[in-house]
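Each chain gets a letter, A, B and so on, in the order its sequence line appears, and its residues count up from 1.
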Protein chains: 2
Amino acid sequence: MMELTRKGEYAIRGIIYLAQLPPGKVALISEIAEAAEVPQTFLAKILQSFAKIGIVKSFRGAGGGFTLGRSAEQITLREVVEAVEGPILPNRCLLGAGSCERDGTCGVHPVWREVQGKVVEVLDGVTIKELATRTK
Amino acid sequence: MMELTRKGEYAIRGIIYLAQLPPGKVALISEIAEAAEVPQTFLAKILQSFAKIGIVKSFRGAGGGFTLGRSAEQITLREVVEAVEGPILPNRCLLGAGSCERDGTCGVHPVWREVQGKVVEVLDGVTIKELATRTK
DNA sequence: TATAAAAGGACTAAAACGGTCCTAAAGGTG
DNA sequence: CACCTTTAGGACCGTTTTAGTCCTTTTATA
């Protein structure tokens, strides 16, 4: 249970590759995909969605490509994972207030909240910078 | 991300119901399903699989039904969840040794291991007994 | 023997996953 | 301006997982 999808895996690999580049360098999607060993068109979708929320910047046309949207130490693993997989949410109950009618009566509720808290804490504590320097 | 499936949700509800019964009482699947508000045939499958691994005991024929396989304080939430959803595994990497060729080079690996550890710790720390007394 | 359960197996609709492909738009270059 | 390069967007698609249902068989009781 709780498995990261390929999409998430690919997203992380791609972003780490970008973080390992000399600052300011623009990388082609083809280059990133090859280096990260990820299907190119699939990665393109992922990075396009990242561009929308500012995690990466994209440039079209000749000389275009992708860069990180911020410095690597300002991007957390949590951000990347949530951007692609949605919020860390071990149970639907935890969504909005009232999203679970059993809310008051269900004793499992606080357990899921704790799990959520721990996972968020770990993923928030890791930056892409750290991952980039540790990897490879 | 990391969402429990309905199957997992139903399994927990069903087992909590059993834990709330007077010790030794045998409950019909129809009774459990109704009380836990779970589709009966679906819950039947779940409890049947639990019977195989001893989390519950089942009895056929008239007067039959289900009971807990052990006392509620000896069943952890982790056990129930893993029985139904498989092992807590935030990333495939963590499976067997060598299941991930990037093993040595990938800096994300230890993060997933930490996530796994925290989640397991929380779920292992909660017994069905606790949930049963807290619920309702 | 009839009846009351659970057990097992086959089946299914719908959603999510893991992509591909094609066209359009935007930005450089001669 | 025309052409080329590169990302953006949308449609599509096969496979797997989810979330069940239904029918038959086995086991136990009365």
Side-chain angles (χ1 to χ4, degrees), chain A residues 1-15 18 25-34 36-69 81 83-87 89 91-92, chain B residues 1-15 17-18 25-34 36-69 81 83-87 89-92:
Chain A
M1 110 172 270
M2 323 194 79
E3 276 189 45
L4 196 69
T5 62
R6 311 228 167 218
K7 201 165 147 193
E9 174 77 23
Y10 296 163
I12 295 169
R13 285 201 222 155
I15 210 96
L18 285 180
K25 166 141 205 238
V26 177
L28 293 180
I29 186 68
S30 54
E31 173 193 341
I32 308 170
E34 195 186 10
E37 297 177 89
V38 162
Q40 178 174 330
T41 58
F42 198 20
L43 183 62
K45 297 291 182 196
I46 297 169
L47 291 189
Q48 281 157 24
S49 75
F50 281 5
K52 278 193 199 147
I53 57 175
I55 296 181
V56 306
K57 264 185 251 177
S58 66
F59 306 93
R60 284 150 97 138
F66 294 88
T67 334
L68 289 187
V81 168
V84 106
E85 308 266 12
L89 203 77
N91 195 318
R92 296 167 175 84
Chain B
M1 121 175 256
M2 324 194 79
E3 277 189 43
L4 196 70
T5 63
R6 307 220 174 226
K7 198 164 150 195
E9 174 76 23
Y10 296 163
I12 295 169
R13 285 200 223 157
I15 210 97
Y17 177 79
L18 284 181
K25 161 132 209 245
V26 177
L28 292 181
I29 185 68
S30 54
E31 173 193 342
I32 308 171
E34 195 185 10
E37 296 176 272
V38 161
Q40 177 174 329
T41 57
F42 198 20
L43 182 62
K45 296 292 181 194
I46 298 169
L47 291 189
Q48 280 158 23
S49 74
F50 281 6
K52 277 193 200 147
I53 57 176
I55 296 181
V56 305
K57 265 185 249 175
S58 67
F59 306 92
R60 283 147 97 134
F66 295 88
T67 334
L68 289 187
V81 168
V84 105
E85 310 265 11
L89 204 76
N91 194 320
R92 297 166 175 85

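A/K57 is linked by a salt bridge (charged side-chain N to carboxylate O under 4.0 Å, His left out) to nothing, counting only residues two or more places apart in sequence or in another chain. Residues forming a side chain to side chain contact (heavy atoms under 4.5 Å, CB included) with A/S49 (at least two apart in sequence, or on another chain): none. When the side chain to side chain contact (heavy atoms under 4.5 Å, CB included) test is applied to B/E34, no partner is found at least two apart in sequence or on another chain. Applying the side-chain hydrogen bond (donor to acceptor under 3.5 Å, both in side chains) criterion to B/E85, with sequence neighbours excluded, gives B/T5. Partners of B/E31 under the salt bridge (charged side-chain N to carboxylate O under 4.0 Å, His left out) rule, at least two apart in sequence or in another chain, are B/K25. A/R6 pairs by the side chain to side chain contact (heavy atoms under 4.5 Å, CB included) definition with A/Y10, B/R92, not counting sequence neighbours. Contacts of A/F59 classified as ring-ring contact (aromatic ring centres under 6.0 Å, His included), with partners at least two apart in sequence or in another chain: none. A search for side chain to side chain contact (heavy atoms under 4.5 Å, CB included) contacts involving B/P87 returns B/E82, not counting sequence neighbours.
At a non-hydrogen distance threshold of 4.0 Å, A/R60, A/G61, A/A62 from residues 51-69 of chain A come into contact with DNA chain C.
Close to D/dT7, at under 4.0 Å from its OP1 or OP2, lies no side-chain N or O of A/Q48. Proximity of B/T41 to the phosphate of D/dG20: no side-chain N or O atom is located under 4.0 Å from OP1 or OP2.
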What are the atom names and distances for every N/O pair under 3.5 Å that joins the protein to nucleotides 9-13 of chain C?
unit_1	atom_1	unit_2	atom_2	d
C/dG9	N7	B/K45	NZ	3.1
C/dG9	O6	B/K45	NZ	2.3

Any protein N or O atoms within reach of nucleotides 14-19 of chain D? Criterion: under 3.5 Å, listing atom names and distances.
unit_1	atom_1	unit_2	atom_2	d
D/dA19	OP2	B/R6	N	3.0

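Between the C1' atom of C/dA6 and the CG atom of B/L18 lies a distance of 14 Å, rounded to the nearest Å. Rounded to whole Å, atom P of C/dG19 lies 13 Å from atom CD of A/E37. Rounded to an integer number of Å, the gap from A/I46 CD1 to C/dG18 C1' is 10 Å. Rounded to whole Å, atom P of C/dA5 lies 16 Å from atom CG of B/L47. For A/I32 and D/dT6, the CD1 to P distance is 12 Å, given to the nearest whole Å. Between A/L28 atom CG and D/dC4 atom P there is a gap of 18 Å when expressed in whole angstrom units. The CZ-P distance, from B/F50 to C/dA6, rounds to 16 Å in whole Å. Look at CG on B/L43: it is 12 Å from C1' on C/dA6, rounded to the nearest Å.
Here the shortest heavy-atom pairing between B/A83 and B/I55 reads CB-CD1, 4.0 Å.
Between B/L4 and B/I12, the closest side-chain pair of non-hydrogen atoms falls below 4.5 Å.
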A/I15 and A/L68: CA distance, side-chain angles, deciding distance, side chain to side chain contact (heavy atoms under 4.5 Å, CB included) verdict: CA-CA 8 Å; A/I15 210 96; A/L68 289 187; 3.8 Å; yes
